[in-house]
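Excluded from the calculations below are hydrogen atoms, water molecules and symmetry mates; all remaining heavy atoms, backbone and side chain alike, are included. One-based numbering, in listed order, for ligands and for the atoms of each. Quick note: residue numbers are just sequence positions, from 1.
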Amino acid sequence: MAKDYYEKLGVSRSATQDDIKKAFRKLAREWHPDVNKNAGAETRFKEINEAFQTLGDPEKRKHYDQFGSAPGQASSGGAGFEDMFDRGFEDIFESFGFTSRKRKGGDLRYEVEMTLEQAFEGATKKIRFPHFEECRSCKGTGASSLKTCSECHGSGEIKRVQRSFLGQFISVMTCSRCRGTGKTAEKVCRECGGAGGSQIEKEVEVEIPAGADDGQYIRFAGQGGPGENGGPYGDLYVLIRLKEHPVFEREGNDLYCTVYIDLGTAMLGGEVEIKTIDGKATLIIPHGTQSHTIFRMKGEGMPIPGSSRRGDQMVKIIVEIPKKLTREQEERLRGAFEKNVETKKGFFERVREFI
Ligand SMILES: [Zn+2]
Ligand SMILES: [Zn+2]
């Protein structure tokens with residue numbers, strides 16, 4: 001077991017949900033980075049929070065007791081995509097009335113539909129989404145001149161003594177009047193009327209790399225929503241959706257297609273021109289090829305990201321058997337089979353005549 005959540009919260013395995021909640025609150029107050037300025041407090045707080053996210057939820061706790069990990073945690077892979085949905089940490093700040101002053105902007109998720117050909121070559125896609133553009137004139141404050149907030153006297157925080165069955169403690173809330181900035185408007189900005197900016201439609205161009213696959217997320221750092229109180233921008237996640245292709249099916253870096261050939265080519269062998277994702281290639285059909293045989297054309301598949309190689313193209317051969325014959329063809333074919341106790345070559349030649 002990688003992490004013992006019970007140990008992190010200092011409770012026994014038989015602790016009730018209530019015990020866990022109490023233990024968490026106590027530890028969270030002790031280790032909250034706004035309160036505890038010791039090095040490592042933030043890490044400790046995150047650990048406590050992580051433990052509580054699992055043990056505080058009876059379902060997740062059950063899973064943890066059984067498997068030693070929180071649901072969905074066992075498989076670590078992917079590039080931290082889970083993080084983007086992990087709002088738990090911020091929720092805790094809010095539920096305790098703590099708010100970190102600088103906060104990273106929200107992450108955006110956007111779906112981009114593309115063809116297999118575009119995925120093969122890589123593509124530039126334009127993405128439009130609503131975006132709050134900060135007013136240039138007042139830099140988002142909504143005021144042309146500022147004064148010290150009368151509510152919090154410039155600290156940006158309101159401290160309150162709270163009594164609960166756990167005892168007395170001080171909660172620190174972000175000042176709602178100045179939203180934690182410690183300043184309010186003296187004169188409202190004329191440009192934005194005090195709103196601090198306006199909702200616009202932002203357009204960004206994103207480069208989708210060659211080889212992108214359906215269901216894959218590509219992260220564009222700093223292209224998400226604006227941060228609060230000078231916090232950094234969030235990230236933009238682009239989900240790739242590949243359109244169905246009329247010829248190819250894709251599996252990883254390989255492409256699959258089906259090609260119909262005539263009976264003669266199947267029996268006698270020959271060359272067949274095959275469509276590839278970026279052109280054509282010649283496939284040699286060996287003599288006596290059976291229907292449903294799959295041939296591999298090396299290096300004709302999708303580009304492998306981060307390498308100069310390509311996957312393969314798998315070609316499934318279907319041999320078309322003629323459905324209708326003229327009486328003459330029928331007789332000649334019958335003749336070909338009847339007389340065929342001789343050499344194989346003689347037989348094939350007669351079939352060729354027939355075709
Ligand atoms: Zn303004
Ligand atoms: Zn204030």
**Item:** Pairwise distance NZ(Lys187) to CG(Leu146) - rounded to 0.5 angstrom
**Value:** 12.0 Å

**Inter-residue atom distance Tyr237.OH - Gln223.CD, 0.5 Å rounding** = 13.0 Å

**Request:** May I have the angle between Cys138 SG and Cys192 SG with its vertex at the Zn ion (ligand 1), rounded to 10°?
**Result:** 110°

**Asked** Is the gap between the ring centers of Tyr256 and Phe248 under 6.0 Å?
**Response** no

**Heteroatom test (N, O or S) for Cys178 near the Zn ion (ligand 2), limit 2.8 Å** = yes

**Request:** Have a look at the Zn ion (ligand 2) and estimate, to 10 degrees, the angle subtended by SG (Cys175) and SG (Cys152).
**Result:** 110°

**Message:** If only side-chain N and O atoms count, and only distance matters, is there a donor-acceptor pair under 3.5 Å linking Tyr5 with Arg13?
**Reply:** no

